[in-house]
Amino acid sequence: MGKNAWVFKMAMRDFRKNFSKLMLFVSAMVVGIAALVAISSFGDNLSKDIDGQAKELLGADLVLGNNQPIGKQPSDSLATDISEEINFASMVAFPATGESRLTQVRALEGAFPFYGELETIPVEAEKSFRQGGKKALVEKILMAQFNAVVGDSIKVGEVTFVIEGELEKVPGQSGITATVAPAVYIPMEFAEATGLIQYGSRLNYLKYYKFPASLPAEEVVKKFEELWEDDKISSTTVENRRNQTGRSFENLANFLSLVAFIALLLGCVGVASAVNVFVKEKLASVAVLRCLGVSSWVAMKIYLLQILLMGLFGSVLGAFLGTLLQYVLPSVFSDFLPVEVSIGIAWSSVGFGLVTGLFVSVLFGLLPLLKIRKVSPMATLRPDGDSISLRNDKLRWLVIGGILLFIYVFSYFLLGGWKFAAGFTGFIIFAFVALWSVALFIMWLIRRFLPISLRYTLRQALSNLYRPNNQTVSLIATIGLGTAMISTLFFVQGQLLDEVKFADKEDQPNMLLFDIQTRQIESVVASIQKRDLPILQQVPIVTMALESINGISRKVNDTLPEEDRRSRGLYNREFRVTYRDSLISSERLVKGELREVKNPGDSIFVSFDEGYASRTGVNLGDEIVFNVQGRPIKTYVGSFRDVKFNQVSTNFLVLFPENVLDNAPKFHVVITKTKNDRQAADVQAEIVREYPNISVVNLGAIVETLEEILSKIGFVIQFMAFFSIATGIVVLISSLIISKYQRMRESILLRTLGASSRKVGTINTLEYFFLGSLAALSGILLSYIAAFLLSQFVFQLPFRPVVKEAVIVYFAITLLTVLLGWLNGSKIIKKPPMEILRE
Amino acid sequence: MAILQVTKVSKTYKSGNRSLTVLDDVNFSVDAGESIAIVGPSGSGKTTLLGLCAGLDAASLGSVMLVDKALEKLNEDERAEVRSQNIGFIFQNFQLLPTLTALENVMVPLELKKRKDAKEKAAELLRKVGLEDRMTHYPTQLSGGEQQRVSIARAFANEPKILFADEPTGNLDTETGEMIEDLIFQLNQDLGTTLVLVTHDLELAKRTNRIINIKGGKIQEAQNG
Ligand SMILES: Nc1ncnc2c1ncn2[C@@H]1O[C@H](COP(=O)(O)OP(=O)(O)O)[C@@H](O)[C@H]1O
Ligand SMILES: [Mg+2]
């Protein structure tokens, strides 16, 4: 019999008795593997489905777009079918109630979509809509918001349509798009009659093409590309859209995989700390084996093999659960998905999960397992406790290095860049060290400052946290990180909403009226003032395009070598510009100065938003020629402003001086403050009734939309955080079961010494209360730090610590821990003391 | 001919900057087939001496020759090989592997020696110690005396040249203890094994050929029993 065969045999024999215990150990990583496999499978299937449904994403073979009518194109003659659309943001009103809101109006002509369909309720609505007449299809969300039903009227501009059907699904659109800008489809023949197709409306003209199967859209694009570019016509093919959609969802799936990976790592810490307990229990057996002549490596292999087996078992179980879990994911992500996602076993993801699981279980298991090599056979004659130290063990450092390398390689694989991978690895190290130190610090505080005068039960419960082989620190770390993720989410979400609502309380504007024509401005202002409302801002807006910068036009720019080339966006952008000679409260001058134009011949100095300028490489003194409705105006960059964009205010990337644009065609924005929601609704109803082209946005509506979006995103994040919490709970349960024997001994000893079982129960409950509290507090502490950093550096908002959410999270986590502990403890207390004598 | 030769052995434990000499210049030898007892009060260094003789630990000074091998010249794994080939152990607290059945516990040293007939041999030994009907039981299902009998069967399994026993009856009642003693001496005689026994029980010690008396880490006198 070979040495390895014997190792295997011994491992299997030992395994029989350890199976349930080892199963507990690896259960901590099952959740993480399941999450990883689920998300990876979901991502695989999603990208397959995006490929498979690519044509439905676009609804056509080719789409041309421009901000003015596209007109006849040479490509028209190649197409088998053409459909046209004009879309723009506009108020729509429900005459039945007088309510209104800003929507995306789509005037459609032709059979678009050529692939997929407009799904409506009732189903016939789509057909009858296309038969002509004043009929509209209205997005489900909008119908629900205004309690409208099919057959009601809806007013778009000057025309009233009958709602023919509810829009269930539009090709290529996800639930989120519908929330932000719900669509209303009207027939093209009435577009003009609405009176909304005029200067100042942000019109978007689209032309959809269907080509014969023998003619790839790419070929058509290649042929006319240059022509279209000259006219600033954009073209999108199925391939473009697929790549773009595929890329963004691949990024999402990778990001979620990383979150799942964090849950897995948390689980692995649980695995390591449980294996540590396992190893300590096995030290006596190892000493006996050593006495009988087994070498240290062979002894270690016996246990390593068991960990390997359990790792494999856990990974298979995780992969299985993950494949099942996948069935839930489409409903979690339904609001973000532009395609129907199929479900099925993705073998590459299953393999990925298995390999990952095996790797981490062995790496993390080895950490404590290495101790086995150091067991002296002398321990059979005189057990000598905890004297084994691995501090200077080279192999241990090698394993730690291996773990970090694994994290690095794993994240490199998902993030596809060594810098990102290093960042992620760094973040992981930081998060673990932070939680670990917080946990250690709290433990130290208790031990250091625990007053002897405390009630006995309290003292006993606290000192229980330090019992030998305790997993207190690893529990605090795992539960703490889960808590931190969930509470950071709550905090940031709450803070963002607060910030928007807050704006209402301070004397901030809360209603924005835009798209006001010059001829309307006076009467609009009058009707607002008639209600005693202030005109907080009245701003003229002129649209223009950038013709050339320092003499370089778009055409010339395209011929430059890549490193000298400016972004195309700069040339293609429609700049919405205002003019004044002073700054407003949301702006700050950071460089240069505002210069007025006093005489017609003066040079014109404009002011750029600093962030935009640095992104696009615009410098002070650059000469920029703007094309204002066909007329070139030569200007110089005279200053940079720091513009805060997070207020209800009008903010501009480019600011002109006065006396330049007075005669250019323009439209206006008015900002006011209503006293309450009732008044806001009244003003909005009146304005929309009298001036259908004017769009009104009030803060209440923004808050509502924001709340909806945040709750949708929040749901996804909560779903992901759930994995960490679940891992924490599994680690908690397994550590409770592992320490059961020890707890039983303590309980019986206490009872033997005369403690009532109620007292023993109190001590146990208190212990879990402390454990839960410590974990929740360190998690909350960490999330305060995270929320602070996020609000400072990402959202640029003042940090306001939220208290209510923190208290809720604290109680929830603590209660959960106490409950689990209590469930476990009640069994222990009921055990007859006889059990302990029969070990 | 000496199977075990202990020459000028000292053992010092260091903890921090304090050092404690537990064994001081110990000399004795044991011939093949002989049985000796090491006796002395608790804390006198008996267990330490036994550990050094069996190569479980290394001496601070001096030399231990076991079956013609100088243990101090071998590393841990080489000493493990020596143990596997030549030595049997009986412990005060039995030291059975809790996850193995009685039979499997006895099989371990046989399997380490790569014996094909491990199972048959182990079963036969268990029969010899009177546990033929407890073979598939786990240690927790056995009484102390039964566990010690399993451990005796294991100790004799690899047909050791020399058997070390550290207070083999220390954890047992007198009656069971006597039965275990009988078993050890009987098997010892049958197989012609050398026996090194540590005990503080003088009655037990008297059943060996020779008694080595140790006190404060020093051998007091050697007397023939
Ligand atoms: N690892 C150690 N470190 C320090 N002192 C030790 C260690 N092991 C044993 N001793 C000491 O050595 C002495 C002898 O112990 P031991 O050999 O177990 O005695 P016995 O078996 O005769 O009762 C005791 O005083 C004990 O405290
Ligand atoms: Mg002793």
Side-chain angles (χ1 to χ4, degrees), chain A residues 1-22 278 281-303 305-306 372-385 387 741 834-839, chain B residues 13 15 46-52 54-58 75-101 103-105 107-116 118 138-141 143 151 154-155 157-158 160 164 166-167 198:
Chain A
M1 189 167 55
K3 203 91 196 172
N4 285 326
W6 183 75
V7 166
F8 184 75
K9 206 157 150 191
M10 277 303 285
M12 292 317 288
R13 282 176 186 157
D14 202 47
F15 191 51
R16 253 180 346 211
K17 277 284 184 174
N18 292 333
F19 181 81
S20 54
K21 196 175 269 172
L22 280 169
F278 175 72
E281 276 173 20
K282 290 288 170 187
L283 291 183
S285 294
V286 174
V288 174
L289 284 175
R290 302 279 289 115
C291 253
L292 296 177
V294 176
S295 74
S296 56
W297 265 108
V298 169
M300 197 179 101
K301 276 197 271 179
I302 291 173
Y303 295 96
L305 200 62
Q306 295 183 50
I372 286 180
R373 292 176 311 135
K374 304 271 174 171
V375 174
S376 156
M378 200 53 195
T380 44
L381 299 177
R382 193 169 34 224
D384 60 350
S387 64
Y741 176 70
M834 187 56 203
E835 297 268 337
I836 201 86
L837 304 176
R838 284 235 68 102
E839 189 244 341
Chain B
Y13 286 114
S15 59
K46 304 185 293 294
T47 298
T48 310
L49 181 55
L50 188 79
L52 292 182
L56 302 184
D57 205 355
N75 67 25
E76 238 309 304
D77 284 338
E78 288 162 341
R79 292 207 293 263
E81 187 57 24
V82 173
R83 287 198 293 274
S84 164
Q85 295 303 324
N86 306 300
I87 295 178
F89 272 106
I90 301 171
F91 305 96
Q92 178 170 2
N93 47 1
F94 324 136
Q95 298 283 14
L96 296 177
L97 298 172
T99 54
L100 302 191
T101 62
L103 182 69
E104 287 164 351
N105 261 293
M107 282 164 70
V108 170
L110 293 165
E111 288 170 334
L112 281 173
K113 281 182 108 174
K114 304 188 173 132
R115 292 269 296 246
K116 291 240 156 48
Y138 288 95
T140 49
Q141 297 167 312
S143 73
S151 123
R154 182 178 67 184
N158 63 341
F164 291 97
D166 189 11
E167 316 235 11
V198 162

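In what follows, every heavy atom counts, from backbone to side chain, and hydrogens, waters and symmetry copies are set aside. All figures in this text were calculated on a predicted structure; none of them were measured in a lab. Residue numbers begin at 1 in each chain, while the letters A, B, ... track the order of the sequences.
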J.: At their closest point, which heavy atom of B:P98 faces which heavy atom of A:S285, and how far apart are they?
T.: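 Heavy atoms only, the tightest pair is CD-OG, 3.3 Å.
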J.: To the nearest 0.5 angstrom, please state how far the NZ atom of B:K113 sits from the CG atom of A:L292.
T.: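 That separation rounds to 12.0 Å.
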J.: Can you say whether B:R154 sits under 4.5 Å from chain A via the side chain, the backbone, both, or neither, judging by heavy atoms?
T.: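 The answer is the side chain of B:R154.
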J.: How many angstroms lie between OG1 in B:T99 and CE in A:M12, if you round to the nearest 0.5 Å?
T.: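 The distance works out to 12.0 Å.
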J.: When rounded to the nearest 0.5 angstrom, what distance separates OG1 in A:T380 from CG in B:D166?
T.: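 One gets 8.5 Å once the value is rounded to the nearest 0.5 Å.
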J.: Could you tell me whether the side chain of A:M10 reaches within less than 4.5 Å of the side chain of B:L100, counting heavy atoms only?
T.: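 Counting from C-beta outward, B:L100 and A:M10 do come under 4.5 Å.
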J.: Shortest non-hydrogen contact from A:M378 to B:G51?
T.: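 Smallest interatomic distance, heavy atoms only, reads SD-CA, 3.7 Å.
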J.: Report which part of A:R16 has an atom under 4.5 Å of a heavy atom belonging to chain B: side chain, backbone, both, or neither.
T.: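 For A:R16, the side chain is the part near chain B, not the backbone.
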J.: Counting only heavy atoms from other residues, nucleotides and ligands, does the tally under 6.0 Å from OH of B:Y13 exceed 12?
T.: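 Yes, enclosed.
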J.: Any side-chain heavy atom of A:P377 within less than 4.5 Å of one from B:R83?
T.: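 SC-SC contact between A:P377 and B:R83 confirmed.
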J.: Considering all heavy atoms of both residues, which atom of B:F89 and which atom of A:C291 are nearest to each other, and what is their separation?
T.: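 Looks like CE1-O, 3.8 Å.
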J.: Hey, does A:V288 have a side-chain heavy atom less than 4.5 Å from the side chain of B:F94?
T.: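 Heavy-atom side-chain distance check fails, nothing below 4.5 Å.
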